[in-house]
4 protein chains.
Amino acid sequence: MANKIKVAVIGASGYAGLELVRLLVRHPGCELAALTSLEYPGRPFSQIFPALAGLVDLPFSQDPAPSMIGTAADVVFTAVPHQTAMGMIPAFLAQGCKVVDLSADFRFRDISVYEQWYQEHTAPELNAEAVYGLPELHRDEVRRTRLVGNPGCYPTGVILGLAPLAQAGLLVPDSVIADCKSGASGAGRQALLGISFCEVNDGFRAYKVLEHRHTPEMEQELSLLAGTPVNVTFTPHLVPMSRGILGTLYANLTEPRTEADLRELYAKFYQGHPFVRLRGPGSLPDTRDVRGANFCDLALRVDQRGRRVIVISAIDNLTKGAAGQAVQNFNLMMGLPETLGLETPPFLP
Amino acid sequence: MANKIKVAVIGASGYAGLELVRLLVRHPGCELAALTSLEYPGRPFSQIFPALAGLVDLPFSQDPAPSMIGTAADVVFTAVPHQTAMGMIPAFLAQGCKVVDLSADFRFRDISVYEQWYQEHTAPELNAEAVYGLPELHRDEVRRTRLVGNPGCYPTGVILGLAPLAQAGLLVPDSVIADCKSGASGAGRQALLGISFCEVNDGFRAYKVLEHRHTPEMEQELSLLAGTPVNVTFTPHLVPMSRGILGTLYANLTEPRTEADLRELYAKFYQGHPFVRLRGPGSLPDTRDVRGANFCDLALRVDQRGRRVIVISAIDNLTKGAAGQAVQNFNLMMGLPETLGLETPPFLP
Amino acid sequence: MANKIKVAVIGASGYAGLELVRLLVRHPGCELAALTSLEYPGRPFSQIFPALAGLVDLPFSQDPAPSMIGTAADVVFTAVPHQTAMGMIPAFLAQGCKVVDLSADFRFRDISVYEQWYQEHTAPELNAEAVYGLPELHRDEVRRTRLVGNPGCYPTGVILGLAPLAQAGLLVPDSVIADCKSGASGAGRQALLGISFCEVNDGFRAYKVLEHRHTPEMEQELSLLAGTPVNVTFTPHLVPMSRGILGTLYANLTEPRTEADLRELYAKFYQGHPFVRLRGPGSLPDTRDVRGANFCDLALRVDQRGRRVIVISAIDNLTKGAAGQAVQNFNLMMGLPETLGLETPPFLP
Amino acid sequence: MANKIKVAVIGASGYAGLELVRLLVRHPGCELAALTSLEYPGRPFSQIFPALAGLVDLPFSQDPAPSMIGTAADVVFTAVPHQTAMGMIPAFLAQGCKVVDLSADFRFRDISVYEQWYQEHTAPELNAEAVYGLPELHRDEVRRTRLVGNPGCYPTGVILGLAPLAQAGLLVPDSVIADCKSGASGAGRQALLGISFCEVNDGFRAYKVLEHRHTPEMEQELSLLAGTPVNVTFTPHLVPMSRGILGTLYANLTEPRTEADLRELYAKFYQGHPFVRLRGPGSLPDTRDVRGANFCDLALRVDQRGRRVIVISAIDNLTKGAAGQAVQNFNLMMGLPETLGLETPPFLP
């Protein structure tokens, strides 16, 4: 155990934090050094989550002060709300920790975009060095940074679904529509009437249409790839399931392409990226096929005589959309194999 | 409309209250005069429940004082927590209203039992005249009373399932086990972590084993029928579904009986009771078959050479287990046909 | 009972047929004269569907010959697969029955479109007189016809969602995207691995992308309204729920409009149509709010400085998307009030 | 890879077979040598189960003859229906393989019991050497055998729940009731109307009451432990979830005991058995807490002044109830650590 990297999870009683623990407890390169939770300080983790009895013996830290955590851990995962995250991360970094932040606080290159959609940024000097932790786009920067802004769940699926087109200059900039459907764990582990069982079961609805804060993240990365501003019409929906996001992405193409053309483009773009899988011809992604795994499954269809593309993208919002991607970033930051601790097959049926 | 009975629903924003509105809005013998909700005073009912837009035009009362409600309505349905109910019911009665109380406050003949399981009773003088509103057992008393204590959801299914055996002296008193499984609406329309979608979906658990407050209700009615104290070992469980209770009831018989014997006993007992249906031989109840309807479906099996019976009982916890039964009691109290407004078929699939 | 219209349901053991029975059994203007099912001839309906025990006493017809049915009934609802439907409908009409056909056989004005997506049409002479039974568009024709082609479930939601825009000339013809999500009952009451519980539960997937047979129906009606060919990029998805379709519809506008402009346009278009409800500002449809009811709930949002509209449309696929709409057509054909038998509130929670 | 044990999974396209693949693909001590499926011979495993694309490269065997498989593998897991299993297992054994049989064919000591509940036994000579593979009861025999009859899902939870009481002579033999609730995967990966999504979703029902073939397995093992015949009244139910079995077990005690007494008894009995977890006082099992893991979680309650016990037992029917237990048996048979390949935490939320 002596050589293992010591990690802390801040906010380990939320769903993203729990998923981090589920993954890290079996990760051969690290050791859980501290878990924190505002709600359960001092209580055994396995009392709150009896599923992990016998597997996680730590209690939630009695004293979750950043200085304490920063001393105990080499790497800190912050799975807390935005604003809270940037309040504590400077202290972790000052103590020499590396940080993977699952909040939105360090995802934006342009602080004014962040401030327009969220609130005032209190650590702008750190923002400049933060890396947007989508390894399929920024693997080398992730390897070199001490601070990763781990992407949002919806943006992960949407950006991976459209990146090859954006980079190839094939996207008509104002034509992009992201119609996304998420399981209820995306709303977090919370007592809210709107996500109580009877309000979600056997129903389906859109929410926050045109107002969701994940929009500017998608636009930032797609614009960067395209070299020109890309707007995204983004419609999130709630599915009566626990995990998973399916994105059905529509865009007009600047030049006609066949499905075969695009398959080749995608295959090339994602070569060497173990977590992106292109479905075979005739096959379509299902969120069940990536459940609990770090994969992003993609399929392509072409309509309107090659002028419109439909990309379908499936991830697990808690894994590739949050904790799994955070572990992938951790592996890269620490010089470990990118897939370490992330090899468990999807959970079926 | 002039001849219609004016009714008020107190607590119309909970699930039992909502079910009352769903049933009463189409009931040909009554008219909704007032709806109250502590959370939404003055707001349109259909703004909170857009499902009923165009069907219910009333707002939640701005002034929900009992005196106000009591003046506006001939009959009041109280769908509020115990203790709150007995705090307001005396005022309704004093104004000449009849009351169907869906709380536990007027369900117990013996106030000391109520006080042992709940708290001090603040209207003991009214308790004496209240009728336990299970019409299949107390139809005539219901017809004559002005105050019904509407049964709990679990007790409705359990008592109807065992009543013929209890009355026939066939139950071994300390052998009764009620293993019951309920949908999540039984927990009410609340913001609680434990009933949030991800904490219920794809799981199954028992809760409040041997501690559930519905136990003494079952024991009261079965003991009354048996003429001797009957104990019930009661285990409630939570099913990942919205509505329905299935009770699997076990008891030893004082004398051996065949399934055919018992079918005859039950058929006789429930003759003339339109809401109890005995499943045909070989057939078993499903909560889906009573969803949204006021039925209690029953099936019987005999084990151990006729010495043990298994009764399976299915109701919709919000309909026969709460609002539907309340309407059935309302019909009886007002001299209307027992099934009026309750003829809609179960909701399938 | 003498004056009630006698109706037959052909294919009453499928989900659409079952929904017809659920609605018709309480319809004050008609009487169930015959029910047929290829699988259960001669068996009591309530043995196959115990939910309806005591409510439907008919057996499935022993002899389901069209001549027999045609004699027994004034109106016939055919809820059988396409091709089968057009095989029997001529006989029903020849015996003087009116017919509401829930299959695709009489939905297309242009038989060549039908033949391209389905197969050879065997009753082309009848097709000419058939009316596409979307009463919000063709109410008067429905009133006068003896043969209604009842719309498909997806087209109902999509066409109602876009009709006002199409008629106003606001739709950019090649910009229309219909991203639709359906509950599993859309696949019918069948033994299929792909819709078994474990293959649907806790998952979400697209299917038949760009290949679904409901596409030409949408295009037919929108083109007719627009007076110019409208193409629809249609992507159906499967939601782990039993009932409901939510359509998220995207289109570019020929001229910029505000949300308020469009709300006014829709309000006018649907004035006098009791089953289309426009959600209030800030509110969004949920399939739960129309469950079991004949409503189509709509909401509007405007993006891209007024150049793109998002319409969200919710129906119950079995009710407004099939059996409810069939009853609405039946009412119109028989001169009954349009809403008769369809007033039951949505089923919540 | 040279030292890894070569394993074959016969019937790898059912849910138990799929779960075996999910577990074995990450098991450090073995290598998948062959997968068979009657339905998909010659097709890539990952084409049928795209979830495992990139993780399992094998096709389903083109030639699944026992002789072929027996040559390729050291250990064979048979996940096929009873009768089929005993038809092929003699050939595997003759070729020197060890066999873990997930069917019922080798679970019964007394062949006449098997023949009464199933059909004629065609390999009675092998039955004598087969070991009932519940390692918590028969670990040493499992270590020494070449043929394990892997227990049924329901019996695993019920026997583990009652074994300490049976062995201690505390069970009143004719008082045992096992009220069990299973997810739909227990019915297998099949196209059956009764387990289609809409027939299971939002419903709950009992099935095969007093007729389920798992009854004699429970009785065999509990009788053996008790040293006297124990009868079990067994009622299985179907829960609208994919995985998991919760057993609520009732028995009268021969002598009064407190909950603390019984906790001590259980703790002692299961000492050294890593997969049985006793929940802390006040805590109750949830199938979610064992999902995808090999645990059996237990809780105890005592009623009727110490004369009746309620044991609640949770397992994942596909893991501890089938494939996980098979891997546990495999580990023991091959001299590997009992938990190898089974350390992945339960899958939450």
Side-chain angles (χ1 to χ4, degrees), chain A residues 174-175 177-183 196-211 231-250 252 284-291 299-305 307-310 312 314 347-349, chain C residues 174-175 177-183 196-211 231-250 252 284-291 299-305 307-310 312 314 347-349:
Chain A
D174 66 351
S175 74
I177 292 170
D179 192 283
C180 296
K181 301 87 175 175
S182 173
S196 72
F197 186 81
C198 294
E199 300 294 312
V200 172
N201 183 40
D202 226 53
F204 187 87
R205 61 182 190 258
Y207 65 99
K208 291 190 191 167
V209 178
L210 300 178
E211 296 165 12
N231 296 320
V232 179
T233 294
F234 170 46
T235 317
H237 301 78
L238 179 62
V239 185
M241 64 181 180
S242 292
R243 288 170 173 244
I245 290 177
L246 195 96
T248 312
L249 317 174
Y250 303 87
N252 294 340
L284 290 166
D286 186 325
T287 59
R288 297 165 70 250
D289 291 334
V290 297
R291 190 163 43 181
L300 301 160
R301 293 291 182 277
V302 169
D303 194 15
Q304 304 262 11
R305 304 196 183 84
R307 307 294 317 207
R308 178 173 294 151
V309 68
I310 306 175
I312 299 181
F347 187 70
L348 265 193
Chain C
D174 65 351
S175 73
I177 291 170
D179 191 284
C180 297
K181 302 88 175 174
S182 173
S196 73
F197 186 81
C198 294
E199 300 294 311
V200 172
N201 183 39
D202 226 54
F204 187 87
R205 60 181 191 259
Y207 66 98
K208 292 193 192 166
V209 177
L210 300 178
E211 297 165 11
N231 296 319
V232 179
T233 295
F234 170 45
T235 317
H237 301 77
L238 178 63
V239 186
M241 64 180 181
S242 292
R243 288 171 174 243
I245 290 178
L246 195 96
T248 312
L249 316 174
Y250 303 89
N252 293 341
L284 290 166
D286 187 324
T287 60
R288 298 165 68 249
D289 290 335
V290 296
R291 190 163 42 181
L300 301 160
R301 295 290 183 275
V302 169
D303 194 15
Q304 305 262 11
R305 300 195 186 86
R307 307 296 313 210
R308 177 173 295 150
V309 68
I310 307 176
I312 298 182
F347 188 70
L348 263 194

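As a basis for the values below, the full set of heavy atoms in this structure was taken, side chains included, without hydrogen atoms, waters or symmetry mates.
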Excluding sequence neighbours, so at least two apart, what forms side-chain contact (heavy atoms from CB on, under 4.5 Å) with C:Asp202?
A:Met241, A:Ser242, A:Arg291, B:Asn201
Value rounded to 0.5 Å, distance of CG in C:Leu246 from SG in C:Cys180:
8.0 Å
Would A:Ile177 and C:Arg308 satisfy side chain to side chain contact (heavy atoms under 4.5 Å, CB included), going step by step from the backbone distance to the final call?
CA-CA 11 Å; A:Ile177 292 170; C:Arg308 177 173 295 150; 3.7 Å; yes
Who wins among A:Arg243, A:His237, A:Arg288, A:Arg205 for the most heavy-atom pairs under 4.5 Å with chain C?
A:Arg288
Side chain, backbone, both or neither: which part of C:Phe204 has a heavy atom under 4.5 Å from chain A?
both
Would you please test A:Asp179 and C:Lys181 for salt bridge (charged side-chain N to carboxylate O under 4.0 Å, His left out) and show each step?
CA-CA 11 Å; A:Asp179 192 283; C:Lys181 302 88 175 174; 3.0 Å; yes
Heavy atoms only, distances under 4.5 angstrom: which of A:Ile312, A:Ile245, A:Asn231, A:Ile310 has the most pairs with chain C? Name it, please.
A:Ile310
Engaged part of C:Pro240 at the chain A interface, taking heavy atoms whose separation is under 4.5 Å
both
Comparing C:Thr233, C:Leu284, C:Leu238 against chain A, the one with the most heavy-atom pairs below 4.5 Å turns out to be C:Thr233
Side chain, backbone, both or neither of C:Glu199 within contact of chain A (heavy atoms, under 4.5 Å)
both
Strictly distance-based, threshold 3.5 Å: is any side-chain N or O of A:Thr287 a donor or acceptor partner for the main-chain N or O of A:Gly244?
no
